[in-house]
Amino acid sequence: MEKKKRIIILSVNLALSVAVILLTVFLMDDWGVLVRTAYYCVAGGCAVVSIVTFIIDKQAILKSALIIAVLASVFLTVFILMGKFGGLNQYETDEEKVDALVKMIENTGAWGMLVFFIIQILQIVVLPLPAAVCYIPGARIWGPLVGTLLASAGVLVGSVINYFIGKLWGKKAVVWIAGEETTEKYSAYFGKKGKGIFVLMQILPFFPDDILCMVAGLTAMNFPFFLATMILVRPLVIAAYCYGSLIPVDQPWGIAVWVTIFVVCIVLAVLSFKYQERFENWLVNKFGRKKSKTENVAATDGGSIEVKTIQPQTEDTQTETEDNIENEINSDKDGGG
């Protein structure tokens, strides 16, 4: 990405982060400390991540931070408008406000489910959102089972779209979305290390699932295998988020669990950011196809197979070989004369 474009993205991200903080300070005074603190953390985190990724030139993360900042601005605007004009501010606690908002969404019936389904498609194709933002609201509104089914359906559709973006539009489209470095790296992984590495990357939380689906379309990975992987793996991951949302926040043990999850996620995010390349290399070496270090020449003779190992030539053996070739040529000349 050109430096000018990166500067524009950084500037927009910083402006949105500052706007979120100011709006929270002046227009979210009816909400509790927890909600306001969450917005402060998101805005501050986006600003810090944007500056760091701008310096080290990690364009994919820089774009993701921008998307999160945009979404934080949208959600904050909805909270403010619903509080001022939707009657949410008449409730005293944040829990009562959220319950009232959930009931409003529930009253939309099938339309609300359709919107949630479309959001899941968009978060795979054009909006790489955090999983918690996408899955947990559906589980809290319609229950973990319905939330899992709706989110899984949307994610599967979005994943298939991404696969065919890579398959039909080719490398230029994927590079424009994901960046050349990321595209080249994962193409090499899938092209040389087999399908198993793709399955593992879909299970583990350290990898960009949306980009992986696009890159899979660039490789020789066939669509039936890709679809089977998505159907078997992604719903399990989504279900873990949806059913995990049932952990209460009004009980001491529930608060302890959520704090632990939050700390673990922060630690994993930092480790992933710092050691992702090492982890990827270890994963590939551990589970990818191992290249043979020897060249096997099989000669069938009466059902037996002779395997010869070609050894690398040293300097002495190479000199000896050249002398032998030269002697043979001279002898042929003498014999022909």
Side-chain angles (χ1 to χ4, degrees), residues 42 60 63-75 77-78 98 101-169 173-174 177-178 186 198-218 221-246 265:
V42 171
K63 291 179 181 178
S64 298
L66 174 62
I67 292 172
I68 293 174
V70 171
L71 289 172
S73 304
V74 172
F75 282 127
T77 303
V78 171
V98 172
L101 185 59
V102 167
K103 288 180 181 179
M104 292 179 188
I105 299 175
E106 287 177 341
N107 291 334
T108 61
W111 286 107
M113 293 183 179
L114 178 61
V115 171
F116 181 73
F117 170 76
I118 294 174
I119 289 175
Q120 306 313 309
I121 297 176
L122 294 177
Q123 68 97 1
I124 291 293
V125 180
V126 295
L127 298 173
L129 306 176
V133 174
C134 298
Y135 308 145
I136 293 179
R140 297 299 296 267
I141 295 171
W142 296 290
L145 178 58
V146 176
T148 298
L149 294 176
L150 288 173
S152 298
V155 167
L156 289 176
V157 172
S159 299
V160 170
I161 292 174
N162 276 3
Y163 176 86
F164 281 105
I165 286 176
K167 183 67 70 177
L168 300 178
W169 279 287
V174 179
I177 296 172
Y186 289 119
F198 175 76
V199 177
L200 288 172
M201 287 183 175
Q202 289 296 321
I203 296 173
L204 297 174
F206 307 104
F207 303 100
D209 299 326
D210 51 339
I211 294 175
L212 296 182
C213 294
M214 292 183 188
V215 175
L218 295 176
M221 184 183 299
N222 58 72
F223 179 69
F225 174 84
F226 171 83
L227 183 61
T229 301
M230 293 296 104
I231 293 174
L232 294 175
V233 174
R234 297 306 293 275
L236 295 178
V237 177
I238 294 172
Y241 282 99
C242 290
Y243 281 92
S245 67
L246 297 178
C265 289

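Throughout, numbering of the chain's residues begins at 1 and tracks the sequence.
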Which pairs of donor and acceptor atoms, one on a side chain in residues 141-154, lie under 3.5 Å apart (sequence neighbours left out)?
{"from": "T148", "atom 1": "OG1", "to": "P144", "atom 2": "O", "distance (Å)": "2.6"}
{"from": "S152", "atom 1": "OG", "to": "T148", "atom 2": "O", "distance (Å)": "2.7"}

(message) Quick test of your reading: applying salt bridge (Lys or Arg N to Asp or Glu O under 4.0 Å), list the pairs with at least one residue in residues 156-165, sequence neighbours left out, ordered by first then second residue.
(response) none
(message) Would you compute the distance between atom OG of S73 and atom CD1 of I68 and round it to the nearest 0.5 angstrom?
(response) 11.5 Å
(request) Quick one: list whatever passes ring pair (Phe, Tyr, Trp, His ring centres under 6.0 Å) with F225, sequence neighbours left out. (result) none
(message) With salt bridge (Lys or Arg N to Asp or Glu O under 4.0 Å) as the rule and sequence neighbours excluded, what pairs involving residues 107-117 come up?
(response) none
When the side chains of residues 104-119 are checked against the rest of the protein, which donor-acceptor pairs come out under 3.5 Å, sequence neighbours left out?
{"from": "N107", "atom 1": "ND2", "to": "K103", "atom 2": "O", "distance (Å)": "3.1"}
{"from": "T108", "atom 1": "OG1", "to": "I105", "atom 2": "O", "distance (Å)": "2.3"}
{"from": "T108", "atom 1": "OG1", "to": "G112", "atom 2": "N", "distance (Å)": "3.3"}

(request) Name all pairs fulfilling the salt bridge (Lys or Arg N to Asp or Glu O under 4.0 Å) condition that reach into residues 226-238, sequence neighbours left out, sorted by first residue then second. (result) D209-R234
(request) To the nearest 0.5 angstrom, please state how far the CD1 atom of I231 sits from the CG atom of L236. (result) 12.0 Å
(request) Would you please name every residue forming a side chain to side chain contact (heavy atoms under 4.5 Å, CB included) with A228, sequence neighbours left out? (result) none
(message) Looking at every heavy atom in both M214 and I165, which two are closest together, and how far apart are they?
(response) CE-CD1, 4.3 Å
(message) Tell me whether D210 contacts the main-chain N or O of N162 through its side chain, where contact means a donor paired with an acceptor under 3.5 Å.
(response) no
(message) Going by the rule side chain to side chain contact (heavy atoms under 4.5 Å, CB included), which residues pair with F223 if we only count those two or more places apart in sequence or in a different chain?
(response) V160, Y163, F164, F226, L227
(message) Once side chain to side chain contact (heavy atoms under 4.5 Å, CB included) is applied, do any residues pair with A139, and if so which ones, sequence neighbours excluded?
(response) C242, S245
